[in-house]
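Have a look at the structure below before the remarks.
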Amino acid sequence: MFKNHCKTAWRNLVKNPVFSAINIMGLAIGLTVCMLIMVYFEHEKSYDSFHKNAERICWVQSKLKFGNDSVFIPAISFVSGPMVKHGSPLVEDYMRLKHQGKNTLVQNPQSASLKFTEDQFYFADKDFFNFFSFSLLKGSPKTVLNKPFTVVLSSKAAARYFGSENPVGKTIKYNDKYSFTVTGVAAKVPSNSSINFDFVASMASIGSIDEEKNNLKADNIDVGSFTTYFLVKNKGDEKQLAASINKLAQTGSKGDQNNTTFMVTALTKTHLDFNETSESNIKYLSLFPFVAGLILLLALINYMSLATARSATRAKEIGVRKTMGASRKSIAVQFFIESALYTSISFVLAYSLCVLIQPPFFNFLGIDVDASFLQNSGILLSFAALYITTIILAAAYPSVLLSAYKPIMVLYGRLTRQTGALSVRKFFTVFQFTISVGLIICGIVIDRQMYFFKHFNTGINRQNVIMVPFATSIGKHYGAFKKDVQSIAAIKQVSTAHYPMYKGYDIFMVTPKGGQQLVTLPAFSVDENFIPMLGLQWKTHPDDPLYYNKKGMAVLNEAAVEKLGLKNAPLHEKVDGQFEVAAVVKNFNFASLQNKIEALALFVSHDNDTASAWGKAGGCLFAKLQPNADEGQVIQLIKAAYEKYDRQKPFEYSFMDDAYDAMYKAEDKMLKIFSVFTVFTILIASLGLLGLTAFMAVQRTKEVGIRKVLGASVAGIAVLLSKEFMQLVLIAILIASPLAWWAMHLWLQGFAY
């Protein structure tokens with residue numbers, strides 16, 4: 001019987017190739033999108049779960065409280081790890097990591113050209129490759145980091161510095177001063193890892209590195225520079241461990257630590273709860289399963305609509321079968337198997353499409369997902385569940401509906417007078433286009449908000465400004481370097497600050513006027529050209545145009561004046577005995593428009609004074625280009641000036657407007673995702689509409705022939721056949737518009753602007 005059902009199902013599929021193709025393609029597209037979303041969603045949820053002891057690993061961050069302000073530091077002191085292990089029975093082991101920042105200079109000493117600045121250089125305790133489950137291609141996990149000045153390279157870094165040679169036993173130079181022996185090569189770090197590295201050096205090296213010795217001086221559990229992970233004895237001990245660490249910190253404290261608390265987070269929650277990059281889509285992650293469900297539902301609705309629409313062509317078959325004694329159950333099984341065949345073909349096609357388009361799809365969205373993740377056991381189980389669910393949902397309605405036909409109604413031709421199925425199909429059409437129109441409206445609003453971000457007047461003239469970070473090596477020749485850049489004809493203005501714009505600032509701790517508790521005050525260290533070059537507007541002008549010649553002078557914004565409890569024109573007021581107010585600038589957006597403007601202090605110094613500061617700490621040169629300047633040529637000239645004074649650190653640059661746009665990468669990706677989803681939704685809905693209209697046209701062939709004989713035009717007949725569906729689309733627009741407006745209104749509440 002089963003074999004007979006399968007033969008019948010295949011014959012019906014081949015007999016109606018157009019409707020079969022529409023059904024299969026519509027369902028395959030929906031399943032493909034659903035699979036891609038499932039891969040992404042599972043990938044984000046699976047971060048760090050590949051470690052052997054992932055559920056028992058956690059890490060500690062420090063929370064510093066200053067009045068109503070809090071500062072979070074994801075690192076603690078060097079001695080904290082061993083002290084917690086010794087003092088808490090909850091802890092089995094610990095692991096310390098120290099990230100060396102974005103300007104670590106690494107070189108293959110055998111080749112002068114193989115010198116790069118690296119941003120994934122770590123120092124780690126010797127058991128790093130035992131504590132975590134990162135694979136080694138070369139070297140033993142037990143010994144690779146046992147000795148000082150040893151380092152493990154990632155396979156990518158090994159290829160970059162040593163090509164196809166075996167790097168084990170060779171040396172690399174760290175910051176042009178220290179030689180490290182390569183003892184191992186690590187396999188590519190999985191894309192679902194919150195710990196990414198290209199270099200892991202032995203922690204035992206730090207005591208011999210002059211620049212790092214100060215980081216070892218702490219003698220108590222405190223804020224520090226070491227990201228510290230703990231392996232607890234039992235899963236779920238994070239809260240108890242946090243309490244234990246805070247108690248140990250207070251017990252060993254020599255001073256008041258009431259403003260510092262320590263929080264413990266499970267490693268597997270790090271990516272979702274403490275992701276430091278705004279480039280990810282984490283904030284919108286919960287939206288994706290909902291969208292995937294909607295798209296799959298649209299595809300299923302398409303299938304059910306077309307399956308039931310063709311019911312009239314199968315009515316006589318059903319009537320004869322029932323008259324000959326076939327039970328409703330056997331007919332339901334027949335249609336169930338037929339639907340399962342369609343779904344199976346669609347699923348195989350969808351999986352093939354998913355494998356094919358996964359790399360370009362995630363590349364377009366700027367999401368890093370390993371191609372091998374598609375073969376992950378969790379993903380395959382999810383796909384299996386999707387397959388079974390799709391078969392049940394796609395087959396249930398048609399098999400129940402078609403098997404319910406009564407033989408007498410079919411044989412007397414009364415089936416065509418039933419309107420129930422037609423009403424259901426109308427509802428499905430309205431539902432499909434409601435979702436499509438809703439997504440279109442949401443996409444338009446997101447696009448307008450992104451346009452608003454990029455064209456909003458933030459109070460900063462950021463157009464045509466190149467930012468060139470420089471290290472202490474070039475800082476020693478800062479004056480000469482700045483003059484060389486300023487002498488370039490296409491350069492209009494030059495200025496310097498401690499950090500590139502939108503990429504960081506310092507935090508000052510001050511006590512407001514009349515207040516008792518410290519508050520945080522973001523601060524920029526800049527030269528006297530910074531304010532005029534960026535076009536910042538004065539609220540209260542300095543009464544001395546050479547105010548920057550005097551040490552300890554600061555320019556506040558309006559928000560800082562309010563936060564510090566100063567009067568409207570607070571010239572020459574002393575703030576907490578730390579600095580004097582030289583002037584006030586109008587508020588400007590120095591951070592994302594998602595947030596209101598915070599208080600800010602600009603510590604402005606004369607160019608000659610700042611030269612020594614840049615020499616000690618490095619900084620960032622800002623060069624404003626003349627209108628219509630040749631950007632490529634100017635960059636090459638700046639690079640030549642840069643390399644004249646610094647051949648160690650490679651030349652890097654960025655445009656200020658690009659750095660500004662980078663703050664909205666999460667929203668930009670959301671717009672791309674909505675655009676892709678909207679295209680697929682419209683395609684699925686249109687396929688369904690095409691199938692229904694084509695089928696209705698076939699049903700009304702005799703009517704169309706009579707109308708044409710009586711003189712009806714092609715345009716008139718097209719309008720006649722389309723009018724009903726256009727009305728349904730109009731109803732969908734009327735329903736979708738207020739729903740989309742409401743959803744976007746809620747979304748926009750997350751932005752200060």
Side-chain angles (χ1 to χ4, degrees), residues 102-103 105 117 176 460-506 523-536 542 545-555 582 585 590 601-627 629-660:
K102 296 184 177 181
N103 294 313
L105 198 64
T117 52
D176 274 339
I460 300 175
N461 186 355
R462 59 181 185 273
Q463 299 299 317
N464 298 323
V465 177
I466 298 175
M467 302 186 294
V468 182
F470 58 84
T472 54
S473 49
I474 207 170
K476 297 172 185 176
H477 310 284
Y478 163 75
F481 170 57
K482 183 176 180 181
K483 281 184 181 179
D484 286 354
V485 174
Q486 210 160 15
S487 67
I488 299 172
I491 299 291
K492 186 177 181 181
Q493 290 173 289
V494 174
S495 178
T496 314
H498 193 184
Y499 297 104
M501 200 68 190
Y502 309 117
K503 294 187 178 181
Y505 48 77
D506 293 314
F524 288 157
S525 296
V526 300
D527 68 9
E528 74 270 26
N529 300 317
F530 186 82
I531 292 175
M533 190 193 77
L534 296 187
L536 306 185
L546 301 178
Y547 68 94
Y548 43 80
N549 286 329
K550 185 179 177 181
K551 290 187 177 181
M553 302 298 287
V555 175
V585 293
F590 61 92
L602 297 170
F603 289 94
V604 186
S605 302
H606 191 280
D607 201 29
N608 294 331
D609 295 330
T610 55
S612 59
W614 310 138
K616 293 176 182 176
C620 180
L621 185 78
F622 295 75
K624 188 170 184 63
L625 277 61
Q626 298 280 4
D630 185 337
E631 294 176 356
Q633 184 180 15
V634 173
I635 290 168
Q636 289 302 314
L637 292 172
I638 296 175
K639 181 180 180 181
Y642 178 95
E643 292 178 343
K644 180 179 175 182
Y645 302 102
D646 189 352
R647 292 186 175 274
Q648 297 179 356
K649 181 179 177 295
F651 172 75
E652 296 176 356
Y653 73 94
S654 60
F655 281 90
M656 188 182 290
D657 49 2
D658 290 339
Y660 174 80

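Between Tyr505 and Ala523, the shortest heavy-atom contact is CB-O, 3.5 Å. Heavy atoms only, all atoms of each residue included: Ile491 and Val494 are closest at CG2-CG2, 3.6 Å. The heavy-atom pair separating Phe481 from Ile638 by the smallest distance is CE1-O, 4.4 Å. Nearest heavy-atom pair, Ile460 versus Met501, reported as atom, atom and distance to 0.1 Å: CD1-CE, 3.5 Å.
Counting only heavy atoms from C-beta outward, the side chains of Ile635 and Phe655 approach each other to under 4.5 Å. Looking only at side-chain heavy atoms (C-beta outward), Leu621 and Thr496 come within less than 4.5 Å of each other. Residues His498 and Phe603 form no side-chain contact, since every pair of their non-hydrogen atoms from C-beta on lies 4.5 Å or further apart. Inter-residue side-chain proximity for Lys482 and Asp527 is flagged as met; some heavy-atom pair is nearer than 4.5 Å. Between Asp506 and Tyr499 there is a side-chain heavy-atom pair separated by less than 4.5 Å. Contact annotation: the side chain of Tyr653 never approaches that of Tyr642 to less than 4.5 Å [non-hydrogen atoms, C-beta and beyond]. Considering only heavy atoms from C-beta on, Gln493 stays 4.5 Å or farther from Asn529 through its side chain. You'll find the side chain of Met553 stays beyond 4.5 Å of the side chain of Tyr548, heavy atoms only.
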task: For Leu602 and Leu536, run side-chain contact (heavy atoms from CB on, under 4.5 Å): C-alpha distance rounded to whole Å, both residues' side-chain angles, the deciding distance at 0.1 Å, then the answer.
output: CA-CA 11 Å; Leu602 297 170; Leu536 306 185; 4.1 Å; yes
task: Before giving the answer on side-chain contact (heavy atoms from CB on, under 4.5 Å), spell out for Leu534 and Asn461 the whole-Å C-alpha distance, their side-chain angles and the decisive distance to 0.1 Å.
output: CA-CA 5 Å; Leu534 296 187; Asn461 186 355; 5.6 Å; no
message: Under the criterion side-chain contact (heavy atoms from CB on, under 4.5 Å), I'd like the reasoning laid out for Ser654 against Lys503: C-alpha separation, chi angles, the key distance, then a yes or no.
response: CA-CA 11 Å; Ser654 60; Lys503 294 187 178 181; 3.5 Å; yes
Let me have the donor-acceptor pairs involving side chains of residues 462-471, under 3.5 Å, with sequence neighbours excluded, atom names and distances please.
from   : atom 1 : to     : atom 2 : distance (Å)
Arg462 : NH1    : Thr458 : OG1    : 3.1
Arg462 : NH2    : Lys454 : O      : 3.2

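Of the inter-residue distances, the one linking Leu546 atom CG with Glu528 atom CD reads 9.5 Å to the nearest 0.5 angstrom.
A search for ring pair (Phe, Tyr, Trp, His ring centres under 6.0 Å) contacts involving Phe530 returns Phe622, not counting sequence neighbours.
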